[in-house]
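Okay, so here's the structure we're looking at.
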There are 2 protein chains.
Amino acid sequence: MFSIFLLNLQIFSMSKCEQCIIKQFNSLKSLTKDELIRISGCKTTMIIKKGTVIFDEGETINGVYCVKDGICKLSKLSENGKDQIVRIVVKGDLLGQRSLVTDESSNLQATALNDMEVCFIPKSEIMNDLQNNSKFSFDVLKDMAHDLKEADDIIVNMAQKSVRQRLAETLVYINDSFGVNPDGTLSVLLSREDFANIVGTATESAIRILSQFKKEKLISTKGKHIKIESLTGLKQVE
Amino acid sequence: MFSIFLLNLQIFSMSKCEQCIIKQFNSLKSLTKDELIRISGCKTTMIIKKGTVIFDEGETINGVYCVKDGICKLSKLSENGKDQIVRIVVKGDLLGQRSLVTDESSNLQATALNDMEVCFIPKSEIMNDLQNNSKFSFDVLKDMAHDLKEADDIIVNMAQKSVRQRLAETLVYINDSFGVNPDGTLSVLLSREDFANIVGTATESAIRILSQFKKEKLISTKGKHIKIESLTGLKQVE
DNA sequence: TTTAAAATATGATATATGTCATGTTTTCTA
DNA sequence: TAGAAAACATGACATATATCATATTTTAAA
């Protein structure tokens, strides 16, 4: 597994964490300059191709990924064979934070949704900072609290809202959180199957409802690119 | 609101955190003796009657509750008027940890499921420890990571499993996590409506499926007390 | 104890969504 | 560029679950 990484995906980069703008967006901003310099020395920058599994359910991660570019999904295989997406991680986020806190293996699979550039920081190097730099650990704590809140919201939506509503909200969420391309299409490009796996429905149902939204002029599509035509309309879907 | 607490619910107790066995079960165990003595001096012990709302959605909590006895539910009101239960907090747990980390108001409501005894520790008193005692903050981090993992699992179950399966799993979960009374009935006593609100279904559906389980000899009931007759059977429900 | 209210129970029916089947379009690759 | 494979699309039908209606039982209150 690791050898594949070495062959195909890994590029050792000379770029320095201390100067990296990305860290602004996550907990790493709370590290001191000295800490960043040390981290910089042991990190591994890698390019990950679209579709690649970054880590799998049950795998021990032993570090954290700082996402410099691209987007990935965190999903979990359910017994019926479907892959439920529980979170989307984008440029600027840290991926695999949970592994710093627990020695358990990952409960989720991470898969690149487009080509990504990430820096892997070994757990051994960053654990000291988590222990000694309280500003940093408090930031990680905040992050996790935020994720937990979002997860609670998702539970409520899953339980109480229709597939139609959940799909509408997913479109709004992606629009609001990750923005749009110059042509107005959603910048996060997902397959119909991905949408189904976020919403928790059959792929056919997701396709069908997207078609309905199109007829109702709430969205327009070219290929798999989706453009929101009426944000307010989507928000009112019942 | 607070005056009601003072009149009906609050009892100032002389018991000391340093000697309290409950702390063994949560992050407070990582506080030093000195820290515990200080906490002990500013905590407020209260008795909370069954059905009382401990804190509501949108309320600012400003502290954390250590549950000495009893059980409560954390729920969130959805737009359709249903109250989705996202977590159950029992004796030994800390309630409202998220409030320590963020200044946002609570996204959840906490309601006592039976008579409870809790100690309220003001945020102002414990924040220092969260900043300075890294063992303590790491414990809180672990707790939150654990909750996050459980939340992810719930999302997958909500999305991919039938109501029947979810209800069976809820029974198993309550059995495994919170145990049974001497007569074998589940020690956490929930109304059919509570079950429906955990599973995310209509109350009638929850009742109906529990009746089916009864017919299938998976459980037995007297009044609202439920006894699991076949744990393996419940685990195999499809 | 009697009465009222809440919780539990069950039937009948409606409906959203899943499943299966089939066809079309887009994307990939040799 | 052709051919294969994957993704998208839509119809027909099955089914789990919601909703509404109405008993019955349990709990609370007067």
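All chains are named by letter (A, B, ...) in the order of the sequence lines, taking the proteins before the strands, and each is independently numbered beginning at 1.
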Side chains of I61(A) and E104(A) in contact at under 4.5 Å (non-hydrogen atoms):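 No, too far: nothing below the 4.5 Å cut-off.
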Calculate the interatomic distance between [X] atom [atom1] and [N] atom [atom2]; express it in whole Å.
X: R192(B); N: dT26(D); atom1: CZ; atom2: P; result: 11 Å
X: L189(B); N: dT26(D); atom1: CG; atom2: C1'; result: 13 Å
X: Q160(B); N: dT17(C); atom1: CD; atom2: C1'; result: 13 Å
X: I219(A); N: dC8(D); atom1: CD1; atom2: C1'; result: 13 Å
X: L167(A); N: dC8(D); atom1: CG; atom2: P; result: 13 Å
X: L210(A); N: dA9(D); atom1: CG; atom2: C1'; result: 11 Å
X: Q212(A); N: dG11(D); atom1: CD; atom2: P; result: 11 Å
X: K222(B); N: dT8(C); atom1: NZ; atom2: C1'; result: 18 Å

E79(B) atom CD, over 12 foreign heavy atoms within 6.0 Å: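 Count not over threshold, so no.
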Expected output: side-chain N114(A) to main-chain I71(A) donor-acceptor under 3.5 Å: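 Judged by distance alone, yes, a pair lies under 3.5 Å.
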Polar side-chain atom of T102(A) near backbone of S99(A) as donor-acceptor pair, under 3.5 Å: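 No; zero donor-acceptor contacts below 3.5 Å.
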Which residue lies more 5' along DNA chain C, comparing R164(A) with S191(B) via nearest heavy atoms: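 Mapping each residue to its closest nucleotide by heavy atoms, the 5'-most match is S191(B).
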Nearest-nucleotide comparison on DNA chain C, the residue closer to the 5′ end among I207(B) and A159(B):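 The answer here is I207(B).
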Sugar-phosphate, base or nothing in reach of T201(A), heavy atoms under 4.0 Å: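 Sugar-phosphate contact only - T201(A) comes under 4.0 Å of backbone atoms but never of a base.
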Candidate list R98(B), K76(B), R87(B), test salt bridge (Lys or Arg N to Asp or Glu O under 4.0 Å), partner D152(A), passing option: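 Going through R98(B), K76(B), R87(B) one by one, the salt bridge (Lys or Arg N to Asp or Glu O under 4.0 Å) with D152(A) is satisfied by R87(B) alone.
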N-O pairing of K214(A) and E229(A) below 4.0 Å: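 No salt bridge links K214(A) with E229(A).
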Atom pairs, N/O to N/O, protein against nucleotides 14-16 of chain C, distance under 3.5 Å?
none

Stepwise side chain to side chain donor-acceptor pair (under 3.5 Å) check, S75(A) with D83(A): CA-CA 6 Å; S75(A) 65; D83(A) 205 41; 2.8 Å; yes
Base dG18(C) to side chain R208(A), donor-acceptor N/O within 3.5 Å cut-off: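 No pair found.
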Interatomic spacing from CD in E150(A) to CG in L148(B) - rounded to 0.5 Å: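 One gets 10.5 Å once the value is rounded to the nearest 0.5 Å.
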Distance, nearest 0.5 Å, that separates CG of N107(B) from CG of L74(B):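 These two atoms lie 9.0 Å from each other.
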Candidate nucleotides dA9(C), dC8(D), dT17(C), ranked by approach to the side chain of K224(A) - the nearest: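 Closest of the options to the side chain of K224(A): dC8(D).
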Neighbours of DNA chain D within residues 225-238 of chain A, by heavy-atom distance under 4.0 Å: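 Residues of residues 225-238 of chain A that come under 4.0 Å of DNA chain D do not exist, since none gets that close.
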Side-chain N or O of S211(B) closer than 4.0 Å to phosphate OP1/OP2 of dT10(C):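 Answer is yes, contact under 4.0 Å.
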